[in-house]
Amino acid sequence: MRWSRPLPRAFWGPGLGRALQPSDERIPFLIHWNWALKGECPLGPPRAFLRHHGSSVGSGPPSGRHKQLFWSTSATEAIQRHRRNLAEWFSRLPREERQFGPTFALDTVHVDPVIRECTPDELLRPPSVLALEHQLPPARLPTLALSQLFDPDACGRRVQTVVLYGTVGTGKSTLVRKMVLDWCYGRLPAFELLIPFSCEDLSSLGPAPASLCQLVAQRYVPLKEILPLMAATGSRLLFVLHGLEHLNLDFRLAGTGLCSNPEQPEVPAAIIVNLLRKYMLPEASILVTTRPSAIGRIPSKYVGRYGEICGFSDTNLQKLYFQLRLNQPDCGHSAGGAGVSATPAQRDNLVEMLSRNLEGHHQIAAACFLPSYCWLVCATLHFLHAPTPAGQTLTSIYTSFLRLNFSGEMLDSTDPSKLSLMAYAARTMGKLAYEGVSSRKTYFSEEDVHGCLEAGIRTEEEFQLLHVFRRDALRFFLAPCVEPGHLGTFVFTVPAMQEYLAALYIVLGLRKTTLQQVGKELAELVGRVGEDVSLVLGIVAKLLPLRALPLLFNLLKVVPRVFGRMVGKSREAVAQAMVLEMFREEDYYNDDVLDQMGASILGVEGPRRHPDEPPEDEVFELFPMFMGGLLSAHNRAVLAQLGCPIKNLDALENAQAIKKKLGKLGRQVLPPSELLDHLFFHYEFQNQRFSAEVLSSLRQLNLAGVRMTPLKCTVVATVLGSGRHALDEVNLASCQLDPAGIRTLMPVFLRARKLGLQLNSLGPEACRDLRDLLLHDQCQITTLRLSNNPLTAAGVALLVEGLARNTSLTHLSLLHTGLGDEGLVLLAAQLERNQQLQELNVAYNGAGDTAALALAKAAREHPSLELLHLYFNELSSEGRQVLRDLGSTAEGSARVVVSLTEGTAVSEYSSVILNEVQRNLSSWDRGRVQRHLELLLRDLEDNRGATLNPWRKAQLLRVEGEVRALLEQLGGSGS
């Protein structure tokens, strides 16, 4: 894994002229176009549209005799109602877009893709040439803006019919939706009336006859009263026919007769044919969008201009898209309110890093050639860096991405099998992806691609389906590799898509060995005849004393069981491979999968390979995550909409096989990054019962050194927050935690007995949340380590409130937390309110003699405190001596550790002090530490000279050597 759908589609429905339905419901009347946006600006002051490449704004009315025809008050009001209804409908946000913030609206961030005018001769090129190329628009054929689509052609002829075509993901739906909104807001003055049709909706009507007027009136109720004026509108009437590939058109006169009457009932396909023939409403303008495989359904003599939607062939368009979409304000708070919005500086930094990567990493720029993948990149970055909506997972983003591009799409509407485009992609591209994962490669030769596409093809119909897939969707999944050393090969457009499709290929049960295929056919055959044969054998066995018949009778029952066990063994083998991939050991330190994904998109250096490792070796750590995610109920429901259903029984058996393998390998102690990957797998799976059973043996949560982003905090809290067994230790040292992360992880902290939060730059604000944690009635923390955090005296003032009423805490470390004299005095005044504390570490806090002595006296009076650490504070020689005497005068009182020695002997806590110094040597102030070590060294030397005991001298010399070694590391003389 090394490192995105345009603006989403909408569903059109028949009630557009009536009350609008909720945005997540499918409205049957125009079934498939743009997912609608939010919609609160029907025809008031229009939104400010940000555009980069062309616009339909400013396109003036065509020259000629047509003037405003709908001049009556009633007609004008009908047109205005039609505009308002269209604007409100096409301005609705689907659920996938609401993640970008409450103020996000697609019409404010639209970037036009490049449209290249092409000739009919270019459309006749062999399909093999068209399969995987994405050439930039040639200089001899200029690009087209929306405002130029209906301009006269090079010969000065009037253009009435424009066909725009593009592969899946190039932005056809978005472009047309934008054009409709432009007309709704009065920015398309060339057309007085615009009537959009979804060809998928028209195809769903079947052979039922209906007139053009009926089709319009049923879908756009406000236009019913002005239908008689349609014929007189001329070129100022624009029909938009979106998704022509859904209609099977026949332009032969023997197949579709001539019809010029808009009120005469005909099959919908016949009405479209006569509109395109210019036999019905010959003056009307028509805009058609289609996939490349369906271009030939319209004879070229009926088309005035062809335009190929080329996506974002300019890197500047990609940068503009990312800038507009990622810089949205109010991108949110998580469902629980604990999330914090990204600051403008953080959003700018994301855009800056992504822009630099686009300039230097040509493969990601090649992927973002498709606007749809720009959407995926933005959604992934938002998932990684913004508060995560409840229930959103990485797998659900990729599944939603495919739904936005393929929902309701058939591979070929003319094929009687009505095969889902996504199902075909899962079978072919999934096979290629899985073979790549199993052989650990991401670069594929042309032979590899042909082998997976053409495997098992025997009939003419299958070859036709392959031809359609190559022209319409192959470029969506595969792209030519532009990396040096791999030219001439192909890669998946986004590396993570390879792992997603490989996981989909497995969970759909498409991977079968020859033995499994034969066994399945045999089991089905036996199952069909088994009951009848069993009945006959039973009757014969009663009439004839043949002992072999009962044996044959039992064998018939055994065959399906044997096949079932064979399938079960296959599932166990897949689960074993998945778990081994999840826990695969690397020679070098490997970041967690979330950091790897972020680094691949933003261009940060990712995990390094060992020099001796083969360069083609790849890590596929997202593959098991996607396998778990695809088995979740939500993703299975979405996949069923895409024509890729996963049966409940298959999902259950796969989950049981995975749980069995995880139960064996999941008990081993994992490095922090691998442990987070394990938790992320459970987060993707979204099954609390499954996770609780697998993780029941987890007792130590060690994520030290893992950068805990808001997403990672959500992952850990979701997976472990609902568990019931206690965690012996939670170690989150050096994790860049912030107060928001502490609040998110609160359910996990309540299960911990030892909690380590060292080196996290936590300030006084975090102490407020820690106080609430200590005061919680379910808190069971006995050891709390807060060392090396700038808590200051203000933070301690909050902590002592929690200490006063906490009944579980026994060990508290406030080492190097910037308390100063004020902090130690606060602790001394409030210490008596806590009755359970046994050890308190306030070393290296810059406190003087007075404050340290006050705290030592309070510790001496404390009923349970046994040990007080005060070393490395700003103590004088006299102060240290007084503290030593105070700690050793009363029997049973707290011992005070201020030095490496006790009298003339080595302190039993000397190793604790030196280990603490060694551990924090890189983060502490070197000059200050050096000064304290020199004082300790002088103290050791003085005590060695004052004792005559040879054993004590030897111990003091040993400790002196350790101190000198530390001084040498700091650059001191050590002498």
- Item | Stepwise ring pair (Phe, Tyr, Trp, His ring centres under 6.0 Å) test for F620 and Y434 | CA-CA 11 Å; F620 296 97; Y434 180 74; over 10 Å; no
- Item | Check: G243 main-chain N/O paired with T290 side-chain donor or acceptor under 3.5 Å | no
- Query: For the residue pair W375 and F401, does the interplanar ring angle fall in the parallel (under 30°), tilted (30 to 60°) or perpendicular (over 60°) class?
  - Reply: parallel
- So, does R636 use its side chain to make a donor-acceptor pair with the main chain of L631 at under 3.5 Å? yes
- Applying side chain to side chain contact (heavy atoms under 4.5 Å, CB included), run through I457 and L465 and close with a yes or a no. CA-CA 10 Å; I457 292 183; L465 291 177; over 6 Å; no
- Note on the structure: Here the gap from H382 atom NE2 to L711 atom CG, rounded to the nearest 0.5 Å, amounts to 12.0 Å
- Message: With a 6.0 Å cut-off (strictly less than), is the heavy-atom count around CD of E693, excluding the residue itself, greater than 12?
- Response: yes
- Step by step, would you call T709 with L384 a side chain to side chain contact (heavy atoms under 4.5 Å, CB included)? CA-CA 8 Å; T709 62; L384 293 174; over 6 Å; no
- When rounded to the nearest 0.5 Å, the distance separating CG of L474 from CG of L453 is 6.0 Å
- Query: Any side-chain heavy-atom pair from N654 and I506 closer than 4.5 angstrom?
  - Reply: no
- Query: Under 3.5 Å, is there a donor-acceptor pair between the side chain of D595 and the main chain of D591?
  - Reply: no
- Message: Do Q464 and E461 have side chains that approach each other closer than 4.5 Å (heavy atoms only, starting at C-beta)?
- Response: no
- Query: Can you name the closest pair of heavy atoms from V437 and A502 and give their distance?
  - Reply: CG2-CB, 3.8 Å
- Message: Walk me through whether F690 and F685 qualify under ring pair (Phe, Tyr, Trp, His ring centres under 6.0 Å).
- Response: CA-CA 9 Å; F690 175 92; F685 197 18; 4.5 Å; yes
- How far apart are the closest heavy atoms of E462 and R458, and which atoms are they? OE1-N, 2.6 Å
- Taking atom CD1 of I601 and atom CD of Q596, what is their separation to the nearest 0.5 Å? 12.0 Å
- Check whether any side-chain heavy atom of V694 sits under 4.5 Å from a side-chain heavy atom of S691, and report yes or no. no
- Task: First locate atom NZ of K431, then atom CG of L501, and finally report the distance between them rounded to the nearest 0.5 Å.
- Result: 14.0 Å
- Item | Closest approach of M597 to Y398 (non-hydrogen atoms, all atoms of both residues) | CE-OH, 4.2 Å
- pair T380-V377: side-chain heavy atoms closer than 4.5 Å: no
- Heavy atoms only: give me the nearest L432-C452 pair and the separation to one decimal. CA-SG, 3.5 Å
- Could you give all pairs that pass the side-chain hydrogen bond (donor to acceptor under 3.5 Å, both in side chains) test and reach residues 413-427, with sequence neighbours left out? R297-S413, D412-T414, D415-S417
- Message: Between R475 and T167 (side chain of the first, backbone of the second, donor and acceptor by atom type, cut-off under 3.5 Å), is there such a pair?
- Response: no
- Just wondering, do L381 and F322 contact through their side chains at under 4.5 Å, heavy atoms? no
- Item | Lys/Arg N to Asp/Glu carboxylate O, K441 vs E435, below 4.0 Å | no
- Message: For a 4.5 angstrom cut-off between non-hydrogen side-chain atoms, does F476 reach T493?
- Response: no
- Item | Inter-residue atom distance L679.CG - L695.CG, 0.5 Å rounding | 6.5 Å
- Where do M627 and V507 come nearest, in terms of heavy atoms and distance? O-CG1, 4.1 Å
- Find out whether M410 and L421 are in side-chain contact, i.e. whether some heavy atom of one side chain is under 4.5 Å from a heavy atom of the other. no
- Intermediate values then yes/no, side chain to side chain contact (heavy atoms under 4.5 Å, CB included), H682 and L720: CA-CA 10 Å; H682 289 278; L720 296 178; over 6 Å; no
- Are a donor atom and an acceptor atom from the side chains of T399 and Y500 found within less than 3.5 Å of each other? yes
- Indicate yes or no for a side-chain donor-acceptor contact from S407 to the backbone of L404 under 3.5 Å, with no hydrogens or angles considered. no
- So Y683 and F383, ring pair (Phe, Tyr, Trp, His ring centres under 6.0 Å) or not? Walk me through it. CA-CA 14 Å; Y683 178 77; F383 174 71; 7.0 Å; no
- Query: Is a side-chain N or O of E621 found less than 3.5 angstrom from the main chain of V593, in a donor-acceptor match?
  - Reply: no
- Euclidean distance, T718 OG1 relative to E684 CD, rounded to 0.5 Å: 11.0 Å
- Just by modelled atom types, is the G629 backbone N or O under 3.5 Å from a matching donor or acceptor in the S632 side chain? yes
- Task: Examine the side chains of S203 and H246 and answer whether a donor and an acceptor come within less than 3.5 Å of each other.
- Result: no
- Would you say the side-chain atoms of E499 pair up with the backbone N or O of F623, donor to acceptor, closer than 3.5 Å? yes
- Message: Would you say S173 and H242 are linked by a side-chain donor-acceptor pair, where the criterion is simply a distance under 3.5 Å?
- Response: yes
- Compute whether any side-chain donor of one residue and acceptor of the other, for N635 and T395, lie under 3.5 angstrom apart. no
- Between the main-chain N or O of L698 and the side-chain N or O of H725, is there a donor-acceptor pair closer than 3.5 Å? yes
- Message: Pair F490, F444 - check ring pair (Phe, Tyr, Trp, His ring centres under 6.0 Å), show working.
- Response: CA-CA 5 Å; F490 302 101; F444 302 93; 9.2 Å; no
- With a 4.5 Å heavy-atom cut-off, do V716 and T744 have their side chains touching? no
- Message: Looking at every heavy atom in both C368 and C374, which two are closest together, and how far apart are they?
- Response: O-SG, 3.3 Å
- Distance-only, no hydrogens or angles: does the S400 side chain make a donor-acceptor pair with backbone N or O of I397 under 3.5 Å? no
- Message: For a side chain to side chain contact (heavy atoms under 4.5 Å, CB included) check, start with the C-alpha distance between V638 and H634, then their side-chain angles and the critical distance, and finish with the verdict.
- Response: CA-CA 7 Å; V638 177; H634 169 75; 4.0 Å; yes
